[in-house]
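In what follows, a single structure is set out as structure tokens and then discussed.
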Protein chains: 2
Amino acid sequence: MAAKRSKTGYVILGLLSEENLSGYEIKKIVDTRLSFFWSESFGQIYPELKRLAAEGLIAVCGDPVSMDSKSSTQSIKYRITGPGRLELAEWLKTPVEKESIRYELLLKLYFSNTDSSATMLQHIREFEINHRRQQLLFGKFEDQLKQNLDVHSNHSRILMVLSFGQKLWESYAEWCGETIALLEQDIAEQGTSSDE
Amino acid sequence: MAAKRSKTGYVILGLLSEENLSGYEIKKIVDTRLSFFWSESFGQIYPELKRLAAEGLIAVCGDPVSMDSKSSTQSIKYRITGPGRLELAEWLKTPVEKESIRYELLLKLYFSNTDSSATMLQHIREFEINHRRQQLLFGKFEDQLKQNLDVHSNHSRILMVLSFGQKLWESYAEWCGETIALLEQDIAEQGTSSDE
DNA sequence: AATTGCATGTAAGGGGTTACATGATTCT
DNA sequence: AGAATCATGTAACCCCTTACATGCAATT
């Protein structure tokens, strides 16, 4: 248990605990499988990979056997080490820090007034579209996961995470529907007075 | 419409658009009324107040009436200016940036496996407790708001924001209940089958 | 008189995004 | 050959939190 490290480090350890990956692949996975509750950028991943390697928690895959399929010569694959697994396990035990969530949409809505109904309507519609896209992905992920339950040893945990996302996104959808209706009503009532 | 400023600036402008406030009061309001979807720290607020004042978007309340008495010797109240209101209105129109949400709880759950069920159970119970506390506040806020509908001109908007929070927190509660049950089941099964 | 709370402020540092730079590989 | 994509890496910058410092006010 080294000094407090950034969350990025644990994401890397966590993903490497399942399979050997390159920085690029890690980024891709985060952007797809974890995207609805996490994000990382290259600017964090690559330096952190070097840091973790320097600490001996991960190591470059030197084995020529893993060069099988389509892996290219320039891609640097890492594997997790014993100390790395320990570090990951240790982190899992530490209390979860309070998440600080910031919804700019709510901020705008909070400070808006009746004469900006049209604008807010537009914002919420956009919010709805973006999130509906993600909502569709949940179904796909779930199907994929249930098809090969044996690939990931922790598939039940992943299903729990997915369930969290589904519930949240359902809330989003519900709220969007209701709020859009309210705003449209606002606009209709306002129809008599001046508007842009 | 000055250069792109931090969100803090708009929070300040938004709150000042309703009433004159000091930095300390702004912090208190954010920590209560906005806390479930936003946060600010003094380190952001005070410098931003000065920046906004320098740009002429807000100004120190120089009310000579309250200066003579001892009421406001140390507290510096600000008011929004005409340009400030314009800037706020301008920002309301700009598209909402994609929120980047990070749930460390989900990260841990995602990387956990069957032999850390007890730990995860603990994490989720803590999550449940923390969020149930907030959930109780929603009711209070709603009551307060409905009692004095005339105080805030934009009470309907605030109700929309509250509704968002309520739906989200209901999802949290629901998910916690289900997931805790699953984990308890895991642990029970693991207890009977001695070891692996 | 001393402690606690109110209120403003600053400095350090971390965490994270963005933009840029550089090659290699693959596709057309 | 040229374009697009893959892949690694770095540097600058920004936002934000934390910790600290200060002084006034009210309380005990």
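The sequence lines fix the lettering, A, B, ..., with proteins before strands; numbering per chain opens at 1. Computed over heavy atoms, backbone and side chain alike; hydrogens, waters and symmetry mates excluded.
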Pair A:Arg51 + A:Glu55, salt bridge at N-O below 4.0 Å: no
Length of the CD1-C1' vector between B:Ile45 and D:dT18, whole Å: 14 Å
Atom-pair distance (OH on A:Tyr78; P on D:dA7), nearest Å: 14 Å
Under 4.0 angstrom between A:Tyr24 side-chain N/O and D:dT8 OP1 or OP2: no
B:Ser41 side chain near D:dT18 phosphate (N/O to OP1/OP2, under 4.0 Å): no
First encountered from the 5' end of DNA chain C, between A:Glu40 and B:Leu49: B:Leu49
Identified salt bridge (charged side-chain N to carboxylate O under 4.0 Å, His left out) counterpart of A:Glu18 within the set A:Arg79, A:Arg157, A:Arg33: A:Arg33
Parallel, tilted or perpendicular: rings of B:Tyr10 and B:Trp91 (30°, 60°): parallel
A:Leu159 with B:Ile187, same ILVMFWY side-chain cluster at under 4.5 Å: yes
Sugar-phosphate, base or nothing in reach of A:Ser39, heavy atoms under 4.0 Å: sugar-phosphate
Show each protein N/O and nucleotides 13-15 of chain C N/O combination with a separation under 3.5 Å, one pair to a line.
none

Touch class at under 4.0 angstrom, heavy-atom based, for A:Gly43 against every strand present: base
Crowding at CZ, B:Arg132 (>12 non-hydrogen neighbours, <6.0 Å): no
Passing candidate, ring-ring contact (aromatic ring centres under 6.0 Å, His included) with B:Trp169, options B:Trp175, B:Phe164, B:Phe138: B:Phe138
Gap between atoms NZ and C1', on A:Lys50 and D:dG9 respectively (whole Å): 7 Å
Out of D:dC16, C:dG23, D:dG23, whichever nucleotide has its closest atom nearest the side chain of A:Gln74: C:dG23
Phosphate OP1/OP2 of C:dT8 contacted by B:Ser22 side-chain N/O (<4.0 Å): yes
